[in-house]
2 protein chains.
Amino acid sequence: MKTTDATTSNLGHAILGLLARTPLTGYDLAQRMRRPIGYFWSARHSQIYPELARLEAAGLIRHEVIDGAGPRPTKRYSLAPAGLAALRDWVVAEPSPQPVRDLEVLRLWSMWTVAPESAIELVESCRRDHRTRLAEYETELAEFAQLPEARDPGAPLFASRVTLEYGIRTQRAAVDWCEWMLGELVDASPPDPSTPHHGRA
Amino acid sequence: MKTTDATTSNLGHAILGLLARTPLTGYDLAQRMRRPIGYFWSARHSQIYPELARLEAAGLIRHEVIDGAGPRPTKRYSLAPAGLAALRDWVVAEPSPQPVRDLEVLRLWSMWTVAPESAIELVESCRRDHRTRLAEYETELAEFAQLPEARDPGAPLFASRVTLEYGIRTQRAAVDWCEWMLGELVDASPPDPSTPHHGRA
DNA sequence: CCTTTCATGTAATGGGTTACATGATTCG
DNA sequence: CGAATCATGTAACCCATTACATGAAAGG
């Protein structure tokens, strides 16, 4: 006998994951969907509010009305026991292969259609972006990496730490890749033809 | 004066990028949306056929009827001059920040709610997946990496090579990350309590 | 006083998946 | 003779973004 027959969406599980850490309002959830979990999952408030209603109807979350500045009653949501069970089930469930969509790689996949100088500019701008995000993640990780809870696999901070580490590693790999590409580009098309160059013409 | 005022979608540019390399039927395009470009962009045939009609209405592509096995006339699409221009414009255009959605990281972000043994299994299955994909990309790259066109920034194979290299680097980073995580997990919770172990309890 | 932040909702539109539908050829 | 491959399309539905709508408190 299953605890939940209602099929909960990915967004629903993202919300459950947030509420498993601490009770939040819909507004707070929307903020968190930028940072800290915004770097691997995102959603707008217009998507969050209806999903909260669905989760509550399924008995996975509950709310209490608190003081707030909005024109309507401010609701703070928290995880119901069935919600924690549903989250646990989902974490260990067989992952269905998700469709990949990387706009940056798609763009660079057609870089051969433009002049090499434009391609170099393009790659340099990618490198800049990845460097910026890398620096952000590194400062964010530094804020809590040394706390003892960040070492405990049963603590939320542990998961925050390892996922941030993932972000750092992939951004670093992306920066390295950009630099490797720049090497490949200038190797094939030397930037200054007045300077004598070695290698193939 | 712009060449195209019609706003073309990401999918549209993916199709233009494919047709810039060689003429294809809608069916062929759907196949390519799995491999080779399927690892960074994907689409089903039900999405591709209407988009082809839109691109053709915008004058970016053309088709000719060829012999085929389908019940309806088989159409081979190729890029029109305006299509190549639109593709070039898009490649060098300012990229709008795309929303990120990584289901694997979202899942692991809630790994703290399950037993450490379950978490270890989870990470091991992630490592297996990344290793498989890494091996696929490596064999695919080996097929054309040594061809001379793969060194020419103006050739499609150059872009194929560098984007595959990106796939390889990110998958390798992911495998390393999984192994690092396993180290963190067994460090905190020793797998076999009967064996005497060093470090903190 | 004006802008930002707090705070919650709905409506319209676009992008994407699943399912429906058809029919010839090739291979086991 | 049945399954897979070739080959193209439509319809229904879900997910996500943008835009519409409202209003109080706080800060410059």
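A note on names: the letters A, B, ... follow the listed sequences, proteins ahead of strands, and every chain is numbered from 1. Both backbone and side-chain heavy atoms feed into the values below; hydrogens, waters and symmetry mates do not.
Between the CZ atom of A/R44 and the P atom of C/dT10 there is a distance of 19 Å, rounded to whole Å. Summarising the geometry, the separation between CG on A/D28 and P on C/dA7 is reported as 7 Å, rounded to the nearest angstrom. Atom CG of B/N10 is separated from atom C1' of C/dG14 by 12 Å (rounded to the nearest Å). Between the C1' atom of D/dG9 and the CG atom of B/L52 lies a distance of 12 Å, rounded to the nearest Å. A straight line from CE of B/M33 to P of C/dG15 spans 14 Å, rounded to a whole angstrom. Per the geometry, CD1 belonging to A/I15 stands 13 Å off C1' belonging to D/dA16, to the nearest Å. Regarding B/Q98, its CD atom lies at a distance of 15 Å from the C1' atom of D/dT17, rounded to whole Å. At whole-Å resolution of the value, OH in A/Y27 and C1' in C/dA7 are 7 Å apart.
In this structure, a donor-acceptor pair under 3.5 Å is absent between the side chains of B/D129 and B/T132. A/R21 and A/S160 form a side-chain donor-acceptor contact under 3.5 Å, judged by distance and modelled atom types alone.
Mapping B/A69 and A/Y77 onto DNA chain C by nearest heavy atom places A/Y77 at the nucleotide closer to the 5' end.
Counting only distance, with no hydrogens or angles, the side chain of B/Y39 and the backbone of B/L164 share a donor-acceptor pair below 3.5 Å. The closest donor-acceptor contact from the side chain of A/R32 to the backbone of A/I37 lies at 3.5 Å or more, if one exists at all. With hydrogens and angles disregarded, no donor-acceptor distance shorter than 3.5 Å links the side chain of A/E104 to the backbone of A/C126.
Taking every side-chain heavy atom of A/W41 into account, D/dA16 is the closest of C/dG9, D/dA16, D/dT8.
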Nucleotides 10-15 of chain D: which of its N/O atoms have a protein N/O under 3.5 Å away?
none

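For A/W112 and B/F158, the distance between ring centers is not under 6.0 angstrom.
Taking the six-membered ring where tryptophan is involved, the planes of B/W90 and B/H13 are essentially parallel, since the angle between them stays under 30° and well short of 60°.
Close to C/dG16, at under 4.0 Å from its OP1 or OP2, lies a side-chain N or O of A/R101.
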